[in-house]
Amino acid sequence: MVTQGDVLWIDLDTVPSTNDFLLQQVDDRWLSARAVAVRARAQSAGRGRRGRSWESAQDAGLWFSIGMPVAAATMPWLSLVVGVQCASTLAKAGLDVRLKWPNDLVFDGAKLGGILCESTTVAGQPWLVAGIGLNTKPVGGMPSVGGLAPVSLSEAGFSMEADHLQALYVSLVEQVILGVYQASKDGFQTFAARFRARDAFAGQAVRFIDNGQALAEGQAMGVADDGTYLLALADGSLKSMVVGDLSLRLAEEL
């Protein structure tokens with residue numbers, strides 16, 4: 001169980017990136033907290049995987065990062081765990097959110113949010129920094145991201161009342177903390193089935209892309225118990241794709 005008192009809550013106006021804030025602004029108060037949550041009204045240099053920019057306009061989304069004393073570098077599947085916990089929390093709020101391996105939150109075939117997990121060291125102890133971005137307001141004109149057009153919580157029918165957004169934010173932080181601590185103890189296996197149940201592309205024809213180049217094409221078979229993604233090739237063999245350097249897109253979109 002996680003209570004609000006277990007978390008050091010930091011609210012900021014505008015920062016380059018909430019992940020960068022946690023990576024660069026180490027505070028002694030962190031050492032006595034179970035986790036640190038940093039939220040900003042806007043990010044001037046929000047980041048996604050592989051250095052991609054993430055549009056984070058003022059009050060247009062929930063832009064936040066969570067820092068925890070967890071050895072993230074030894075657990076490359078932590079972004080999948082964070083995704084499962086976010087999707088489950090949003091489901092309790094009435095939104096049927098799916099997961100696009102390895103780090104996207106999908107609603108009705110469009111990208112609702114994204115996750116970026118990084119690692120750092122605080123007082124000699126390894127820490128996870130998990131950045132989460134959720135669009136709350138429409139992002140018209142924003143180009144397709146990772147093969148998916150954007151969508152927002154308001155377009156998905158979620159209430160934009162301030163107290164509802166605050167409650168969602170707190171729930172997301174608490175559930176991510178719970179999930180990460182459980183996964184750091186028990187491994188990803190306990191989350192694999194939950195990820196598969198929300199896989200946005202399961203059973204569909206897909207291609208794996210690296211720097212714009214197609215690496216493999218086949219049928220999406222879902223995430224394995226070690227966090228890799230399984231692809232059934234035309235010759236009947238299975239290929240494991242590794243978390244960390246690939247993007248998954250529907251074949252028909254390429």
Pair [X]-[Y], side-chain donor/acceptor within less than 3.5 Å:
X	Y	answer
Thr18	Gln43	yes
Ser88	Arg194	yes
Asn19	Ser65	yes
Asp199	Tyr229	yes
Asp226	Thr228	yes

Counting N and O atoms only, with roles assigned by atom type, does the side chain of Gln85 sit under 3.5 Å from a partner on the main chain of Gln175, one being a donor and the other an acceptor? yes
Whether Glu155 side chain and Ser152 backbone form a donor-acceptor pair below 3.5 Å: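 Pair found, side chain donor or acceptor close to backbone of Ser152.
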Is any side-chain heavy atom of [Y] closer than 4.5 Å to one of [X]?
X	Y	answer
Tyr181	Val70	yes
Pro138	Ser154	yes
Gln219	Leu231	no
Phe195	Trp101	yes
Val129	Cys117	no

Please check if the distance between the ring centroids of Trp9 and Tyr169 is under 6.0 Å.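 Yes, the ring centres sit under 6.0 Å apart.
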Considering the options Val173, Leu8, Val122, which one meets the side-chain contact (heavy atoms from CB on, under 4.5 Å) requirement together with Val36? Leu8
Going by the side-chain contact (heavy atoms from CB on, under 4.5 Å) test, name the single residue among Val81, Val82, Leu78 that passes it with Val176.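 Testing Val176 for a side-chain contact (heavy atoms from CB on, under 4.5 Å) against Val81, Val82, Leu78 leaves exactly one candidate, Val82.
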If you take all heavy atoms of Ile66 and Ala35, which pair is closest and at what distance?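 That closest heavy-atom pairing would be CG2-CB, 4.3 Å.
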